[in-house]
There are 2 protein chains.
Amino acid sequence: MSDRPNLAPLSRGESLLFLTDDQLRRGIEAMFFAYRGFTADPDRILQEYGYGRAHHRAIHFINRSPGTTVNNLLSILGVTKQSLNRVLRTVVEDGLVDSRVGDRDKRERHLYLTEAGAALERKLSEAQRSRMRDAFRAAGPDAVAGFRAVLEQMMDPEMKRHYLDDADGGK
Amino acid sequence: MSDRPNLAPLSRGESLLFLTDDQLRRGIEAMFFAYRGFTADPDRILQEYGYGRAHHRAIHFINRSPGTTVNNLLSILGVTKQSLNRVLRTVVEDGLVDSRVGDRDKRERHLYLTEAGAALERKLSEAQRSRMRDAFRAAGPDAVAGFRAVLEQMMDPEMKRHYLDDADGGK
DNA sequence: ATTTTAAGTCAGCCTTGTTGACTTTCCAAG
DNA sequence: CTTGGAAAGTCAACAAGGCTGACTTAAAAT
């Protein structure tokens, strides 16, 4: 393969790098427009339920890590506890999330999805997975690896901790 | 369910992709965490100026397409005119953006960055480009192509129109 | 002359973020 | 056993930035 994919005009022989400001600007806009697409489908579903993205995020990560504590969720989501609490209160009241006092430490609340919560989670994530599946299929396996590699590099280091604690073990 | 847990694509990067629900969930979280990183640096700068992401977006696209009209900006950003107008009013008042009545059509306002506006734009986009440059460098050229390919597929079709109207011309 | 379009404005509402102050619970260290 | 502090929750106030709806002005299009 060429080491210069179809990306750069490179008229000035000076730069071996394919990272012109224009290339970077395209990457920036790609993030902007793609993120909009990425959230569009769940947003529509949430609206029917009177929820917002904040509810989606909470539900997603409770589903991913059942029994997680509020504090843990706080550090993943990066919002204040007051902000999270407002969201959490509504989903608990609405019977989507179960908040159980900790056994070892009774100050902690452990969060679990109820059946209704799990049902909404499936609905939301199926919509989101569907779009991602289509994008992955259309772009191909190599592109998917590249996509993940770049995004991983773009995260703040502290966030990488939360990005799939399980993940591919070593590496 | 997935009959093929994380085995590499053995069919020559063609047919069956390894798109388990878990792979897709990783892609979803990658988007979430990366987008946070992506906006973190500009957000910090904007805060010093008392602006938000909405101002950044307006400034970005005015810089990309000087002389663009309010209506055009509206369709790129996908917000209501009232929402955009509030943002636009402040940046015009603050002398970052110049709003000129159209020559051909006097109903239209054409938007341009002033020197001060261009200075802020450079500051913001340099921060964002810097992070993207680092991510691109670390991930490598092939990854960058894949990143862009996947994001492009993830956009809503109408948004693809706005994504680099200039772009690689005849394909 | 009438209708449509582009832009702007006013008013009000919602979600989701923020601070700050304060309480309750309860583990753990002195 | 007392007390310091962490975890969680609550109340209040505020701001950004979305939204809708109603309305005006000016100019272009029909």
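Basis for what follows: all heavy atoms, side chains included, without hydrogens, waters or symmetry-related copies. Lettering follows sequence order; numbering is per chain, from 1.
- Taking the charged nitrogens against the carboxylate oxygens, A:Glu126 and A:Arg133 do have a contact shorter than 4.0 Å, which makes a salt bridge.
- Within the 6.0 Å centre-distance limit, the rings of B:Phe32 and A:Phe61 are counted as a close aromatic pair.
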(message) Please evaluate residues A:Glu29 and B:His162 with respect to the criterion side chain to side chain donor-acceptor pair (under 3.5 Å), reporting the C-alpha separation (whole Å), side-chain torsions for both, the decisive distance (0.1 Å), and the verdict.
(response) CA-CA 9 Å; A:Glu29 295 191 8; B:His162 296 295; over 6 Å; no

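- If you check residues 44-57 of chain B against DNA chain D, the residues with a heavy atom closer than 4.0 Å are B:Gly52, B:Arg53, B:Ala54, B:His55, B:Arg57, listed by number.
- Here the rule is side chain to side chain contact (heavy atoms under 4.5 Å, CB included) with A:Met132, and of B:Arg25, B:Met31, B:Gln153 only B:Met31 fits it.
- Distance A:Ile59 CD1 to C:dT16 P: 11 Å, rounded to the nearest Å.
- Figure legend: cation-pi geometry between B:Arg100 and B:Tyr112, with NZ or CZ positioned under 6.0 Å from the six-membered ring centre and within 45° of its axis.
- Between D:dC19 and B:Thr80, a contact under 4.0 Å exists linking OP1 or OP2 to a side-chain N or O.
- Counting only heavy atoms from C-beta outward, the side chains of A:Arg148 and A:Tyr163 approach each other to under 4.5 Å.
- For the 3.5 Å distance criterion, the side chains of B:Ser99 and B:His110 fail to qualify, holding no donor opposite an acceptor.
- Looking at A:Tyr49 and A:Asp94, their side chains never bring a donor and an acceptor atom within 3.5 Å of each other.
- Aromatic rings from A:Phe136 and A:Phe147 are positioned such that their centres are separated by under 6.0 Å.
- Comparing the helix axis at one end of the helix from C:dA1-D:dT30 to C:dG30-D:dC1 with that at the other, each defined from 5 consecutive pairs, gives an inter-axis angle of 20° (nearest 10°).
- If you measure from atom CG of B:Leu84 to atom P of D:dC19, you get 10 Å, rounded to the nearest angstrom.
- For the pair A:Leu77/A:Leu84, a side-chain contact is recorded, criterion being any heavy-atom separation below 4.5 Å from C-beta on.
- The interatomic distance linking A:Leu111 (CG) with D:dA8 (C1') rounds to 11 Å, in whole Å.
- With rounding to whole Å, A:Lys106 atom NZ is found 21 Å from D:dA6 atom P.
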Can you tabulate the close N/O pairs, meaning under 3.5 Å, that link protein atoms to atoms of nucleotides 2-12 of chain C?
from	atom 1	to	atom 2	distance (Å)
C:dT5	O2	B:Arg107	NH1	2.6
C:dA6	OP2	B:Asn71	ND2	3.4
C:dA6	O5'	B:Asn71	ND2	3.4
C:dA7	OP1	B:Val70	N	3.3
C:dA7	OP2	B:Asn71	N	2.7
C:dA7	OP2	B:Asn71	OD1	3.0
C:dA7	OP2	B:Asn71	ND2	3.3
C:dA7	N7	B:Lys81	NZ	3.3
C:dG8	OP2	B:Asn85	ND2	3.3
C:dG8	N7	B:Lys81	NZ	3.1
C:dG8	O6	B:Lys81	NZ	2.2
C:dT9	OP2	B:Asn85	OD1	3.2

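- B:Asp156 and A:Arg131 are joined by a salt bridge, as a carboxylate oxygen and a charged side-chain nitrogen come within less than 4.0 angstrom of each other.
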